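These notes concern the structure reproduced below.
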Amino acid sequence: MNNSELDYWFDPSSRTLEELRILQNKAIENLSLEDGFGKIEKIAGVDCAYFDNKIVCAMPVLDYTSLDVIEKKHVVQKVPLPYIPTYLNFREGKAIASVFMELENKPDLIVFDSCGINHPIKAGMATYFGVVMDVPTIGVSKKILCGDSETPVEVGESQKLVYEGEQVGWLLKSNKRSNPIIVAPGHKVSVDSSLEIVKHCLKGYKLPEPTRLAHMHAAEAKKEILEQNDRD
DNA sequence: GCGACAG
DNA sequence: ATCTTGTCGC
Ligand SMILES: [Mg+2]
């Protein structure tokens with residue numbers, strides 16, 4: 001993946017929403033919902049924080065068995081696009097691809113703080129990234145973008161998330177005091193496996209460790225930058 | 001036309 | 001996502 005390929009798939013500048021939609025459709029042609037991974041040894045999480053029209057993207061890599069952090073990196077870039085529902089992949093994609101390529105430990109799978117195939121045309125951030133970078137991914141979000149579901153009540157309970165007559169993911173009651181989280185395949189992960197893997201990563205918090213830690217790392221990096229700016 | 005709408 | 005302390009409940 002060189003820079004021109006990176007821009008081709010992730011740079012929204014000088015492109016219309018119509019063109020961006022075409023790119024999403026093009027990428028989705030290669031989507032796979034079959035498990036395309038072997039034994040998972042390393043799993044990464046990714047999340048972004050914002051300030052001054054800048055995006056801070058953090059990606060920790062964890063040991064799948066212990067869930068301990070093996071490595072963590074982050075990048076800071078200019079925000080390339082405002083938030084537009086269903087186009088999040090073009091707002092966070094470039095930054096995420098950048099941190100991903102800086103990792104020394106290549107994860108077997110990545111958990112995103114966003115949608116996967118639970119998107120109007122299955123082009124959620126996790127799915128789009130997975131297909132373009134050819135890596136297994138899962139999307140874990142806090143709110144539904146599309147689809148309907150019953151509400152899981154008991155901790156550990158899950159309910160199918162259905163969109164246009166097809167199951168595109170799950171609602172999972174991950175914590176006693178939290179609203180359910182939404183779990184969906186990104187790429188190269190089946191609907192059932194996405195749920196099993198996310199459950200494995202739960203430690204009593206609302207979010208699975210990969211995403212929970214990524215959120216914290218992004219917030220910490222942002223805070224350090226703002227404090228440094230004050231001293232300058 | 002109106003309302004919904006990941007982060 | 002972001003701006004932010006206290007407060008209610010388990
Ligand atoms: Mg996020």
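Numbered from 1 within each chain, the chains take letters A, B, ... in sequence-line order. Remember, it's a predicted structure, so these values are computed and weren't measured experimentally.
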**Message:** Distance check needed: B:dG7 C1' versus A:K222 NZ, whole Å only.
**Reply:** 13 Å
**Request:** To the nearest 0.5 Å, tell me how far A:C201 SG sits from A:E209 CD.
**Result:** 8.0 Å
Between the protein and nucleotides 6-10 of chain C, list every N/O to N/O distance that falls short of 3.5 Å.
none

**Complete:** Stems in DNA chain C, runs of 3 or more consecutive Watson-Crick or G-U wobble pairs with both distances under 3.5 Å, sorted by first number, are none
**Fill in**
Closest non-hydrogen atoms of A:M59 and A:A44, given as atom of the first, atom of the second and distance, are CG-CB, 4.1 Å
**Request:** Could you tell me whether A:Y64 and A:H200 have their ring centroids closer than 6.0 angstrom?
**Result:** yes
**Asked** NA contact type, A:N118, heavy-atom cut-off 4.0 Å: base, sugar-phosphate, or nothing?
**Response** nothing
**Prompt:** Between A:M1 and A:L6, which heavy-atom pair has the shortest distance, and what is it?
**Reply:** SD-N, 3.6 Å
**Message:** Whether A:K122 engages the ring of A:Y163 as a cation-pi pair (distance to the six-membered ring centre under 6.0 angstrom, angle to the ring normal within 45°) should be assessed.
**Reply:** no
**Asked** Between the side chain of A:Q228 and the main-chain N/O of A:E224, is any donor-acceptor distance below 3.5 Å?
**Response** no
**Asked** Would you say the side-chain atoms of A:Y83 and A:E92 include a donor-acceptor pair closer than 3.5 Å?
**Response** no
**Prompt:** Do A:E104 and A:K73 meet the salt-bridge criterion of a basic N to acidic O distance under 4.0 Å?
**Reply:** yes
**Request:** Run the salt-bridge test on A:R212 and A:D47 with the 4.0 Å N-O cut-off and return the result as yes or no.
**Result:** no
**Asked** What pair of heavy atoms forms the shortest contact from A:H187 to A:G130, and how long is it?
**Response** CD2-O, 3.2 Å
**Message:** Under 3.5 Å for both pairing distances: what stems, at least three Watson-Crick or G-U pairs long, include DNA chain B?
**Reply:** none
Check: protein-nucleotides 3-6 of chain B nitrogen or oxygen pairs below 3.5 Å:
unit_1: B:dA6; atom_1: OP2; unit_2: A:Y83; atom_2: OH; d: 2.6
unit_1: B:dA6; atom_1: N7; unit_2: A:T86; atom_2: N; d: 3.2
unit_1: B:dA6; atom_1: N6; unit_2: A:T86; atom_2: O; d: 3.2
unit_1: B:dA6; atom_1: N6; unit_2: A:Y87; atom_2: N; d: 3.2
unit_1: B:dA6; atom_1: N6; unit_2: A:L88; atom_2: N; d: 3.0
unit_1: B:dA6; atom_1: N1; unit_2: A:M125; atom_2: N; d: 3.2
unit_1: B:dA6; atom_1: N3; unit_2: A:C115; atom_2: N; d: 3.0

**Least distance between heavy atoms, A:G36 atom then A:P136 atom** = O-CG, 3.9 Å
**Asked** So, for A:G156 and A:K199, which heavy atoms are closest and what is the spacing to 0.1 Å?
**Response** O-NZ, 3.2 Å
**Request:** Examine distances only and state if a side-chain atom of A:T127 and a backbone atom of A:I117 form a donor-acceptor pair shorter than 3.5 Å.
**Result:** yes
**Request:** Establish, from distance only, whether the side-chain atoms of A:Q159 and A:T151 form a donor-acceptor pair under 3.5 Å.
**Result:** no
**Request:** May I ask you to decide whether A:K142 forms a salt bridge with A:D113, counting only side-chain N to carboxylate O separations under 4.0 Å?
**Result:** yes
**Item:** Residues within residues 128-136 of chain A bordering DNA chain B, heavy-atom distance below 4.0 Å
**Value:** none
**Message:** Could you tell me if A:R21 sits above the aromatic ring of A:Y87, with its cationic atom closer than 6.0 Å to the ring centre and no more than 45 degrees from the axis?
**Reply:** yes
**Request:** Heavy atoms only: give me the nearest A:Q24-A:I121 pair and the separation to one decimal.
**Result:** OE1-CD1, 3.6 Å
**Asked** What is the distance from CG of A:L226 to C1' of C:dT4, rounded to the nearest Å?
**Response** 15 Å
**Message:** With the threshold set at under 4.0 Å for non-hydrogen atoms, list the residues of residues 189-217 of chain A touching DNA chain B in residue-number order.
**Reply:** none
**Prompt:** Are A:F90 and A:F10 near enough that their ring centres are under 6.0 Å apart?
**Reply:** no
